[in-house]
Trainee: 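Structure incoming, see below.
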Amino acid sequence: MAEGEVSEGCRLPVLRRNQDNEDEWPLAEILSVKDISGRKLFYVHYIDFNKRLDEWVTHDRLDLKRVQVPRKEAKTPTKNGLPGSRPGSPDRDPKRKVEVVSPATPVPAPTETSQASVFPQDSQDSSDGAPSAPRMTGSLVSDRSHDDIVTRMKNIECIELGRHRLKPWYFSPYPQELTGLPVLYLCEFCLKYGHSLRCLQRHLKTLYYDTDPFLFYVMTEYDCKGFHIVGYFLQEKESTEDYNVACILTLPPYQRRGYGKLLIEFSYELSKVEGKTGTPEKPLSDLGLLSYRSYWSQTILEILMGLKAEAGERPQITINEISEITSIKKEDVISTLQYLNLINYYKGQYILTLSEDIVEGHERAMLKRLLRIDAKCLHFTPKDWSKRGKW
């Protein structure tokens, strides 16, 4: 196929350099084509790769001999609900008890009761000795079916934020006239954007955005020049959906240090003081989903592994009790248990199976989690924002 016949929607191998500095030809989809001074550029998304790796490429990186032309696909009707006659999931009865035992404890034969039990699972049960792969289930799997072609493309080349210059990973909803600039300047104190350094200097330190509907929690580092944003999260003062976070971010220079999980933990500590359960605003980004699932998994496993048996019986706990202890919304507790592949159905009851691999993996993860919130040092008085006048 000739270069001029390659259009949006086509799939073909594209040359890229991997993290080991080696050439590879992964399959990619053409999302857009543009012509600059007679030179064609193709915006590609590498199939099965995170979309932060999407980029503009020249025609010499395309394998034009292996182009897959897009075809119209018929929609297959689906049935509502889950197949089969199996009883409903635990979310239909969140007060149902969960019995918990340590992985080292012998497992008695389960009885026909309405309770759910947490049993240890011998890692030898699987044919290859490896734990089952986590399933992408639950309420927080991001639905990308409604993404349009514009939001699938990165539109900002570079951002300058204080002492850092960053290359964005994803689409950013900035005004169209700013997307062609080589550098976009952001105020590191309020994140107001400007098209030049002079505009940014003139902006300091005015206030541009209407911040009244939100509460801002900002984490900073301090040096001789003042405070610098590490990350932050916002809360709506009044949320009808029980959102305890409207937006959360750790800036790229400070990522992979535990700050994101620290911000998430802090948001739930605030919810505990308020006596509420909370959840982040949906849909979550790819990295946001990973961060929250990791936090939920560690927090829930910490609860399950810390339960003690009473009167010779296996310890018990309900989904609602887990939610009340952690302030994690019930739906997120259930989706996390499903994601970890812990929920099984056996002889009329739900069983939560804690394998040795899960326990050991959790213990290793907690050893690396050095940054934690000390709730005893939290001084916070919740306010009822519904009683004040409209802003």
Trainee: Distance check, rounded to the nearest 0.5 Å: Ile322 atom CD1 versus Ile328 atom CD1?
Mentor: 9.0 Å
Trainee: Hey, what do you get for OG1 (Thr250) to CZ (Phe233), rounding to the nearest 0.5 Å?
Mentor: 11.0 Å
Trainee: Decide, yes or no, whether a salt bridge links Asp212 with Lys237 under the criterion of side-chain N to carboxylate O below 4.0 Å.
Mentor: yes
Trainee: Take Arg61 and Arg16 through the side-chain contact (heavy atoms from CB on, under 4.5 Å) test and state the conclusion after the steps.
Mentor: CA-CA 8 Å; Arg61 291 175 58 183; Arg16 70 179 296 271; 4.0 Å; yes
Trainee: Any chance you could measure Gln338, atom CD, to Asn341, atom CG, to the nearest 0.5 Å?
Mentor: 10.0 Å
Trainee: Kindly list each side-chain donor-acceptor pair under 3.5 angstrom involving residues 179-191, sequence neighbours excluded, with atom names and distances?
Mentor:
{"from": "Thr179", "atom 1": "OG1", "to": "Gln176", "atom 2": "O", "distance (Å)": "2.7"}
{"from": "Glu188", "atom 1": "OE1", "to": "His228", "atom 2": "ND1", "distance (Å)": "3.2"}

Trainee: Please name the residue in the list Ile30, Leu41, Leu62 that meets the side chain to side chain contact (heavy atoms under 4.5 Å, CB included) test with Val57.
Mentor: Leu62
Trainee: State, without any angle test, whether Asp357 and Ser355 hold a side-chain donor-acceptor pair at a distance under 3.5 Å.
Mentor: no
Trainee: Please report the interatomic distance CG(Leu354) to CG(Leu301), rounded to the nearest 0.5 Å.
Mentor: 6.5 Å
Trainee: State plainly whether the residues Lys167 and Glu157 are in salt-bridge range, i.e. N to O under 4.0 Å.
Mentor: yes
Trainee: Would you say the side-chain atoms of Glu29 and Tyr46 include a donor-acceptor pair closer than 3.5 Å?
Mentor: no
Trainee: Let me confirm one number: the OH-CD distance from Tyr254 to Glu221, rounded to the nearest 0.5 Å.
Mentor: 4.5 Å
Trainee: Who are the side-chain hydrogen bond (donor to acceptor under 3.5 Å, both in side chains) partners of Lys34, not counting sequence neighbours?
Mentor: none
Trainee: How far does OG of Ser327 sit from CD of Glu269, to the nearest 0.5 angstrom?
Mentor: 8.0 Å
Trainee: Assess the side chains of Ser294 and Lys261: does a donor N or O sit below 3.5 Å from an acceptor N or O?
Mentor: yes
Trainee: Any link between Phe214 and Trp385 through a network of hydrophobic side chains (Ile, Leu, Val, Met, Phe, Trp, Tyr) touching at under 4.5 Å?
Mentor: yes
Trainee: We want to know whether Asn50 and Tyr170 form a side-chain donor-acceptor pair, criterion being a heavy-atom distance below 3.5 angstrom.
Mentor: yes
Trainee: Would you say Trp169 ends up clustered with Tyr193 if hydrophobic residues are merged whenever their side chains have heavy atoms under 4.5 Å apart, either directly or through other cluster members?
Mentor: no
Trainee: Could you tell me whether Tyr232 and Tyr217 have their ring centroids closer than 6.0 angstrom?
Mentor: no
Trainee: Can Phe49 be reached from Trp25 by stepping across I, L, V, M, F, W or Y side chains whose heavy atoms are under 4.5 Å apart?
Mentor: no
Trainee: Would Val33 and Val6 satisfy side-chain contact (heavy atoms from CB on, under 4.5 Å), going step by step from the backbone distance to the final call?
Mentor: CA-CA 9 Å; Val33 182; Val6 178; 5.7 Å; no
Trainee: Got a salt bridge between Lys154 and Asp54, using NZ or NE/NH1/NH2 to carboxylate O under 4.0 Å?
Mentor: no
Trainee: Apply side-chain hydrogen bond (donor to acceptor under 3.5 Å, both in side chains) to Thr58 and Asp60, showing your working.
Mentor: CA-CA 6 Å; Thr58 52; Asp60 57 304; 2.3 Å; yes
Trainee: More than 12 foreign heavy atoms under 6.0 Å from CZ of Arg198: is that the case here?
Mentor: no
Trainee: Is it the case that the ring center of Tyr295 lies less than 6.0 angstrom away from the ring center of Tyr268?
Mentor: yes
Trainee: List the steps, then state whether side-chain contact (heavy atoms from CB on, under 4.5 Å) holds for Leu270 with Leu378.
Mentor: CA-CA 9 Å; Leu270 296 179; Leu378 178 59; 4.2 Å; yes
Trainee: Under 4.5 Å between any side-chain heavy atoms of Glu331 and Val333, yes or no?
Mentor: no
Trainee: In terms of side-chain geometry, is the basic nitrogen of Asp63 or Arg66 positioned less than 4.0 Å from the acidic oxygen of its partner?
Mentor: yes
Trainee: Are Lys276 and Asp242 close enough, and set up right, to give a salt bridge (Lys or Arg N to Asp or Glu O under 4.0 Å), and what steps lead you there?
Mentor: CA-CA 8 Å; Lys276 300 178 180 178; Asp242 294 328; over 6 Å; no
Trainee: Among Glu363, Glu265, Glu302, find the residue that satisfies the salt bridge (Lys or Arg N to Asp or Glu O under 4.0 Å) test when tested with Arg369.
Mentor: Glu265
Trainee: Around Asp48, counting heavy atoms of other residues, nucleotides and ligands shown, do more than 12 lie under 6.0 Å from its CG?
Mentor: no
Trainee: Any ion pair linking Asp223 and Lys225 (charged N to carboxylate O, less than 4.0 Å)?
Mentor: no
Trainee: Can you list the steps and then say if Leu262 with Met219 is a side-chain contact (heavy atoms from CB on, under 4.5 Å)?
Mentor: CA-CA 10 Å; Leu262 189 68; Met219 183 187 300; 3.8 Å; yes
